[in-house]
> 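Have a look at this one.
Treat the numbers as computed from the prediction; the structure is a model and nothing was measured.
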Amino acid sequence: MCSLRSFFAKGKLASTAACAWRDPAGLAQMRATYATGQRQEDTTFYEFRTYTVKPAMMSDFMKLTSENIHMRTAHSELVGYWTLEFGGLNKVFHIWKYDSFAQRAAVRAKLAQDRDWLDKYLLKMLPMLDKQDNEVTYLVPWCKVQKPETEGVYELVSFQFKPGGPAVWGHAFRAAISTHVNTGYTKLIGVFNTEYGLLNQVHVLWWNENADNRAAGRHRAHEDARVVAAVRESSRFLESQRNLLMLPTKFSPMK
């Protein structure tokens, strides 16, 4: 049997490994020590897409998309579609939900054979763009996507953390998010951890009634000792942060 003292002793990695292989319980303990956080069990993921539209084509792009988006949503679920108000110009941001990578591959294959989609939308839309970006994210295990009951504005906050994964910064980050939620000045929509894209990045989507309501809530939060303490703790692991204010489109499921 492998003792806890020999397991955690400095410089005992080799003996620990050897002991663990002789003892299944010790092997499980060693694996747990090097775990990077709570395991992702659900295969559901969310694809974030950001399109940069040519400035002169923004109005035409939105009209074309509004008239034809139903052909795209016939193949997979659209969570939300927004235009950027602050934090970027002439950009749209949309989230698509997939049950698995196999489902996404099947959807993409069907779209490639959909002549209406290609002729009426895609081939007309692509020349309007300057750039396309996407990333794959998972919803963090302690959060579920919420859907607001009324129309408002959305804030997407992207946190770039130091390397190490949720095992390093996850607890402090969750505490900071929970503290913000408990203030009641804003509504949490979802927390997403990047799988493909920049690693150690987490996106938090918030809802507010309007931009002024959001600003007033932020001012109150900055004076709340609970928020200040939680943010100070999580910021020790933070490398950068980016905020976007977004407006839902008329055809967005999230309003």
> Report whether W142 and V168 are members of the same hydrophobic cluster (ILVMFWY, side-chain heavy atoms less than 4.5 Å apart, transitive linking).
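Linked, W142 and V168 end up in one cluster.
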> Output yes when a side-chain donor or acceptor of E233 lies under 3.5 Å from a complementary backbone atom of V228, and no otherwise.
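No; judged by distance alone, with no hydrogens or angles, the pair does not exist.
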> Are R214 and D212 within salt-bridge range, i.e. N to O under 4.0 Å?
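Salt bridge between R214 and D212, a charged N being under 4.0 Å from a carboxylate O: no.
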> How far does CG of N208 sit from CD of E155, to the nearest 0.5 angstrom?
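Here the interatomic distance stands at 7.0 Å.
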> G80 and S252: which non-hydrogen atoms are nearest, and at how many Å?
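Closest approach of G80 to S252, heavy atoms only: CA-OG, 3.4 Å.
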> Can you tell me how far the CG atom of L122 sits from the NZ atom of K120, to the nearest 0.5 Å?
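Reported value, rounded in 0.5 Å steps: 14.5 Å.
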> Could you check E223 against R220 for salt bridge (charged side-chain N to carboxylate O under 4.0 Å, His left out), going step by step and ending with a plain yes or no?
CA-CA 5 Å; E223 298 172 353; R220 292 196 301 270; over 6 Å; no
> When clusters are formed by joining ILVMFWY residues with side-chain heavy atoms under 4.5 Å apart, either directly or through shared neighbours, do Y185 and I189 land in the same one?
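No: no chain of side-chain contacts under 4.5 Å links Y185 to I189.
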> Going hydrophobic residue to hydrophobic residue with side-chain gaps under 4.5 angstrom, can you get from V191 over to F237?
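Yes; F237 is reachable from V191 via cluster members.
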> Is a donor from one side chain sitting under 3.5 angstrom from an acceptor on the other, for Y121 and T65?
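The answer is yes; a qualifying pair exists.
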> Calculate, to the nearest 0.5 Å, the distance between atoms CG and CG belonging to D130 and N90 respectively.
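Going from CG on D130 over to CG on N90, the span is 8.5 Å.
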> Think R104 forms a cation-pi with W96, using NZ or CZ under 6.0 Å from the six-ring centre and within 45 degrees of its axis?
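Judged by the rule, R104 and W96 form no cation-pi pair.
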> Can you tell me if CG on L118 sees more than 12 non-hydrogen neighbours from other groups inside 6.0 Å?
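It does: L118 CG has more than 12 such atoms within range.
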> Working to the nearest 0.5 angstrom, can you tell me the gap between M128 CE and M57 CE?
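It is 4.0 Å, given to the nearest 0.5 Å.
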> Checking Q241 against N243: is there a side-chain donor and acceptor pair closer than 3.5 Å?
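Short answer, yes.
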> Could you label the plane-to-plane angle of the F101 and F45 rings as parallel, tilted or perpendicular, counting under 30° as parallel and over 60° as perpendicular?
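Answer is parallel, since the angle falls under 30°.
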> About how many Å separate CH2 of W169 and CD of E239, when rounded to the nearest 0.5 Å?
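The CD atom of E239 sits 11.5 Å away from the CH2 atom of W169.
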> With no hydrogens and no angle check, is any side-chain donor or acceptor of K162 less than 3.5 Å from a backbone partner on R236?
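Judged by distance alone, yes, a pair lies under 3.5 Å.
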> When rounded to the nearest 0.5 angstrom, what distance separates CG in N200 from OG1 in T194?
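Separation between the atoms: 9.5 Å.
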> Indicate the ring-plane relationship of H222 and H219, choosing parallel, tilted or perpendicular according to the 30° and 60° boundaries.
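Perpendicular.
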> Kindly indicate whether the side chain of Y98, heavy atoms from C-beta on, has any atom under 4.5 Å from the side chain of T44.
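SC-SC contact between Y98 and T44 ruled out.
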> Classify the side-chain pair H203/N193 by whether it contains a donor and acceptor separated by less than 3.5 Å.
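Note: H203 and N193 side chains miss the donor-acceptor criterion.
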> Quick check, are the ring centers of F48 and F93 under 6.0 angstrom apart?
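Yes.
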> With a 6.0 Å cut-off on ring centres, are Y138 and F192 close enough?
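Between Y138 and F192, the centre distance exceeds or equals 6.0 Å.
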> Please find the pair of heavy atoms, one from A175 and one from A230, that lie closest to each other, and give the distance.
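In terms of heavy atoms, the two residues are closest at O-CB, 4.2 Å.
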> Got more than 12 heavy atoms from elsewhere within 6.0 Å of CD, E149?
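Result for CD/E149: open.
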> Would T83 and M58 count as a side chain to side chain contact (heavy atoms under 4.5 Å, CB included) if you check the C-alpha gap in whole Å, the side-chain angles of each, and the deciding distance to 0.1 Å?
CA-CA 10 Å; T83 59; M58 190 65 179; 4.2 Å; yes
> Donor-acceptor pair, S235 side chain versus L238 backbone, under 3.5 Å?
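Checking the backbone N and O of L238 against the side chain of S235, no donor-acceptor pair under 3.5 Å is found.
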